[in-house]
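Some notes on the structure that comes next.
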Number of protein chains: 2
Amino acid sequence: MTQTSNRTQATRALIALRERILSGVLGPGTRLLEVPLAETLAISRTPLREAMGRLVEEGLLERARGGGFVVRSFGPQDVIDAIELRGVLEGTAARLAAERGVAAEPLAMLEQLTAQLDGCFGNSPGELDFERYSELNAQFHDRLSRLAGSEVIRREIERVTRLPFASPSAFLADGANASAFRHSLHVAQDQHHALVAAIRGREGARAEALAREHARLARRNLDYVLAEDRSLLSRLPGLALMIG
Amino acid sequence: MTQTSNRTQATRALIALRERILSGVLGPGTRLLEVPLAETLAISRTPLREAMGRLVEEGLLERARGGGFVVRSFGPQDVIDAIELRGVLEGTAARLAAERGVAAEPLAMLEQLTAQLDGCFGNSPGELDFERYSELNAQFHDRLSRLAGSEVIRREIERVTRLPFASPSAFLADGANASAFRHSLHVAQDQHHALVAAIRGREGARAEALAREHARLARRNLDYVLAEDRSLLSRLPGLALMIG
DNA sequence: ACGCTCCACAATGTATACAAAGCCGTGATC
DNA sequence: GATCACGGCTTTGTATACATTGTGGAGCGT
């Protein structure tokens, strides 16, 4: 195939649309007209509508009154709330894991990940394997979401996390290699350690509180971007969805 | 129109399918074959697929590997987790409302609802306007979900609540007028009062804890049904989705 | 000049025919 | 006897033509 090729047209349309929305080509509030869009993507309206339906599931589009789809817009408060919500949900996963107990293997896996994350920091203060940290951090949070063994919880975390600005990797994007964020990584990694210890020690309340506070690091980073360096807005994933 | 008539075929299909799933006509794990289903509903496959897509959003269907849709199944643990999740989310709404403060009017509305709920209980122990309680309780929880003024939170609560067994009205269905549940209503109503007081007093942690414990009343009722009176399973909404 | 109604167009909603892909059974070969 | 490959069938995926609905504008009436 000439275009981004997964197996179905609907999937290709989904990927293409998602990319256009997250990059800001299709800005918040934009109404998506089916005929021209289908023409642009060189597919028919049927798989296009299918893709738009899935983007509603993802929270990137809304159904407009009287039919049709509109790119969803988020104010700064929505972004803050979504981050808080991630903290609440990850906190719940952590608390339930602690309360209900976790099998040895997944817990060991989480500990291994934290050890590997330690390895991303070098000896000198500025030394850091940023890309590797980003990847391992994503894995850590994915594991955490499964740790309680609850598909309901995992699913809900995945859902919130699909909003890119609420994702644990939101401020770990390539372009955002800012020193302000780098500093916060040491704190974040300490929280990773404490979180795992709390779960191992069956300290549910502590685990929950730690996961929440961990997410609030993202909020701090957001506050920094909004107040100090708005140029970063365009370099961070999904903040194109934000208005105001 | 001869069938359940909202304006579009897709909407009619959505309603018809939802009804069949919740009532158990289409049981958990059933694969939905498009051609026969479309024939049954007397519509074409296009709006049918649209409706099925929306039921995936609602969490009542899953997309099967290799295409197609399957009725989602929930084990008892999933139901328990969904109830816990509702408690967590309502708790977050309550906490944020308390922390951020609420305008006078919506808070007064909530207090009015609790007063009206009081009115559902008569003087003698057994006296109760069950139907009215059920309606007002639904309103109370709806108001609560909006109280933090966060659309992100409201939306997530609505989403979890769409799973009928996780809804605040789950054990207030017509057929479930059991004395065991009636007793819990006095406790529930006391929690309503305390919750509103906590929010008014800006006691975030207390409000959150109360909302969580409030949801756990539903869990207790579920435990009762599972352990003591499984005949109620068929009379409670959406428990047809549950297997095992 | 303001407002209401009706018409026309544009956009979405629906049906149907066709394409492709996945699955299952059968047969052949090792 | 088991496994792999092939072929047909079932089921989903896609395109397109047609129906319907909502919207905006123009023209007429007050």
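Naming convention: chains lettered A, B, ... in sequence-line order (proteins, then strands); numbering from 1 in each chain. Basis for what follows: all heavy atoms, side chains included, without hydrogens, waters or symmetry-related copies.
- The CZ-C1' distance, from A:Arg12 to D:dA15, rounds to 14 Å in whole Å.
- Computed from coordinates, the B:Glu39 CD to C:dT16 P distance equals 11 Å when rounded to whole Å.
- Evaluation of the salt bridge (charged side-chain N to carboxylate O under 4.0 Å, His left out) rule for A:Arg20 yields no partner, not counting sequence neighbours.
- Atom CZ in B:Arg7 sits roughly 10 Å away from atom C1' in D:dT21 (whole-Å rounding).
- The interatomic distance linking B:Leu48 (CG) with D:dT14 (C1') rounds to 16 Å, in whole Å.
- Every residue two or more places apart in sequence or in another chain that forms a salt bridge (charged side-chain N to carboxylate O under 4.0 Å, His left out) with A:Arg49 is listed here: A:Glu34.
- A:Phe69 pairs by the ring pair (Phe, Tyr, Trp, His ring centres under 6.0 Å) definition with nothing, not counting sequence neighbours.
- Rounded to a whole Å, the CG atom of B:Leu61 is 15 Å from the C1' atom of D:dT12.
- Separating the CZ atom of B:Arg63 from the C1' atom of D:dT11 is a distance of 16 Å, rounded to the nearest angstrom.
- Remark: B:Arg65 is in phosphate contact with C:dC23, judged by side-chain N or O atoms under 4.0 Å from OP1 or OP2.
- Between B:Ser44 and the phosphate of C:dA15, there is a side-chain N or O to OP1/OP2 separation shorter than 4.0 Å.
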Q.
Base contacts versus sugar-phosphate-only contacts with protein, heavy atoms under 4.0 Å: please encode nucleotides 4-13 of chain C as B, S and - from 5' to 3'.
A. -------SBB
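- Partners of A:Glu39 according to the side-chain hydrogen bond (donor to acceptor under 3.5 Å, both in side chains) rule, which considers only residues two or more places apart in sequence or in another chain, do not exist here.
- Taking B:Glu62 as the reference, nothing meets the side-chain hydrogen bond (donor to acceptor under 3.5 Å, both in side chains) condition, with sequence neighbours excluded.
- Under the 3.5 Å distance criterion, the side-chain polar atoms of A:Ser134 are left unmatched by any main-chain donor or acceptor of A:Phe130.
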